[in-house]
2 protein chains.
Amino acid sequence: MSSLPVSLQTLIDQLSRFPGVGKKSAQRMAFFLLKNAREDAVAMAKAIIDIKDRISECSLCHNIAENDPCTICSDAKRDHSTICIVQDAMDVLAIEKTGRYRGLYHILGGVLSPLNGIGPNDLHIDDLMPRLDGIDEVIFAINPTRDGETTSLYLSKLLKAKGVRISRIAQGLPMGIDLEFADELTLTKALEGRTAL
Amino acid sequence: MSSLPVSLQTLIDQLSRFPGVGKKSAQRMAFFLLKNAREDAVAMAKAIIDIKDRISECSLCHNIAENDPCTICSDAKRDHSTICIVQDAMDVLAIEKTGRYRGLYHILGGVLSPLNGIGPNDLHIDDLMPRLDGIDEVIFAINPTRDGETTSLYLSKLLKAKGVRISRIAQGLPMGIDLEFADELTLTKALEGRTAL
């Protein structure tokens with residue numbers, strides 16, 4: 001649109017790079033910034049730069065962190081004999097929100113995906129091995145996708161060779177869903193994973 | 001969540017201030033920035049500041065603009081005998097996208113809303129009047145809400161007193177909708193506004 005100021009169009013283009021943000025949402029976001037005070041825009045711009053300046057990766061678990069090791073790895077109150085393996089840092093957030101896990105994490109940084117050329121060397125698998133000393137249990141919390149399953153299988157072979165106890169988080173019906181709307185695979189997993197009452 | 005770095009939490013809080021962006025979307029957006037290159041984040045931060053520094057309001061039509069008067073008001077190729085009255089700058093964008101309007105605009109900056117204490121003096125009505133010299137037609141493209149209708153009525157009385165020709169954009173069935181799903185009011189307006197074939 002010719003009448004849109006260049007700087008506004010630039011911002012809309014930038015904002016629509018966000019995942020899940022289309023042109024229309026980006027436009028609404030840009031107008032929101034336009035309407036608000038300059039300090040608000042400055043605060044947002046600063047917050048964006050700050051995460052790039054302050055946040056790096058924990059050298060142990062590869063979680064995002066402002067310090068190295070991260071707050072979880074360096075927390076003496078957590079259970080250092082359990083490691084939960086997840087795909088990325090957002091999965092850590094999700095599990096932490098439950099408040100029911102007190103062990104450590106290891107972030108793979110992705111899953112094996114031969115079709116996309118992602119092999120074991122592209123993931124943080126090598127440096128998982130030295131962390132296994134003194135570990136009682138490794139919990140797999142990898143997404144139940146095809147590539148996720150492949151990754152779980154690959155890792156379980158590696159870890160079993162090291163004699164580590166492995167478990168995976170349960171698959172089954174999500175809470176609050178109507179059984180009739182569950183897909184066949186989920187229902188199959190739910191049946192297979194049935195527990196005694 | 002205790003394990004979330006402060007700077008990341010700050011950014012998530014900032015992003016979730018955007019209209020239509022919840023905690024979860026803000027989180028996904030923040031992680032997107034984390035994963036991308038620093039230059040990308042800098043470009044976005046700069047774009048945010050830039051609109052505050054560069055964009056102001058056209059003193060004639062109150063549209064957003066990098067120059068005053070704006071590109072529309074100062075465009076000699078446009079039809080300077082027609083003014084379209086809209087609620088805010090996003091409405092200008094929507095109309096410009098159709099590519100079917102070549103006149104000027106006047107942005108009210110809102111609509112009359114006695115319940116919210118918004119009266120004629122809170123809108124850009126006073127400075128619409130001097131713009132009416134040499135105007136053939138004023139088109140109302142104000143949202144068909146209750147407050148919008150009130151505003152149209154108020155303005156039409158003012159403008160008729162000045163002897164200006166007034167029209168309003170058509171109300172009726174939106175394109176692609178099934179008649180059975182249209183609400184009664186829309187259908188009523190569509191019937192009232194029927195045109196001869």
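Throughout, a chain's letter reflects where its sequence line sits, starting with A, and its residues are numbered from 1.
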State whether the side chain of A:Glu66 and the backbone N or O of B:Ser7 hold a donor-acceptor pair below 3.5 Å, judged by distance alone. yes
Within a radius of less than 6.0 Å around CD of B:Glu192, do more than 12 heavy atoms belonging to other residues, nucleotides or ligands occur?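 Buried by this count: over 12 neighbours within 6.0 Å.
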Is it true that atom NZ of B:Lys23 has more than 12 heavy atoms of other residues, nucleotides or ligands lying nearer than 6.0 Å? yes
For the hydrophobic clusters of this structure (ILVMFWY residues joined by side-chain heavy atoms under 4.5 Å, transitively), does one cluster hold both [X] and [Y]?
X: A:Tyr105; Y: A:Leu158; answer: yes
X: B:Leu93; Y: B:Phe18; answer: yes
X: B:Tyr154; Y: B:Ile169; answer: yes
X: B:Tyr101; Y: B:Leu108; answer: yes

Could you have a look at A:Asn36, A:Thr10, A:Leu33 and say which one has the most heavy-atom pairs with chain B under 4.5 angstrom?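 When all of A:Asn36, A:Thr10, A:Leu33 are compared, A:Leu33 has the most.
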Could you check which of A:Asn67, A:Asp13, A:Leu34 has the highest count of heavy-atom pairs closer than 4.5 Å to chain B?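 Top count of heavy-atom pairs under 4.5 Å with chain B: A:Leu34.
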Charged N to carboxylate O below 4.0 Å: is that the case for B:Asp53 and A:Arg38? yes
B:Asp40/A:Arg17 salt bridge by N-O under 4.0 Å criterion: yes
Atom CD1 in B:Ile51, atom CG in A:Leu8: separation rounded to 0.5 Å? 6.0 Å
Could you have a look at B:Asp50, B:Ile12, B:Ile49 and say which one has the most heavy-atom pairs with chain A under 4.5 angstrom? B:Ile49
So which of B:Asp75, B:Val42, B:Val21, B:Leu11 has the largest heavy-atom pair count under 4.5 angstrom toward chain A?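 The option with the most such pairs is B:Leu11.
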What are the two closest heavy atoms between A:Ile48 and B:Ala41, and how far apart are they? CG2-O, 3.4 Å
How close do B:Ala65 and A:Pro5 get, heavy atom to heavy atom, and via which atoms?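 Looking at all heavy atoms of both residues, the closest pair is CA-CG, 4.0 Å.
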Residue part contacting chain A, namely of B:Phe31, when any heavy atom lies under 4.5 Å: side chain
Counting only non-hydrogen atoms closer than 4.5 Å, can you tell me which residues of residues 83-90 of chain A sit against chain B? A:Asp88, A:Ala89, A:Met90
For chain B, which residues of residues 122-146 of chain A have at least one non-hydrogen atom nearer than 4.5 Å to it? none
Does any non-hydrogen side-chain atom of A:Leu15 lie less than 4.5 Å from one of B:Met44? yes
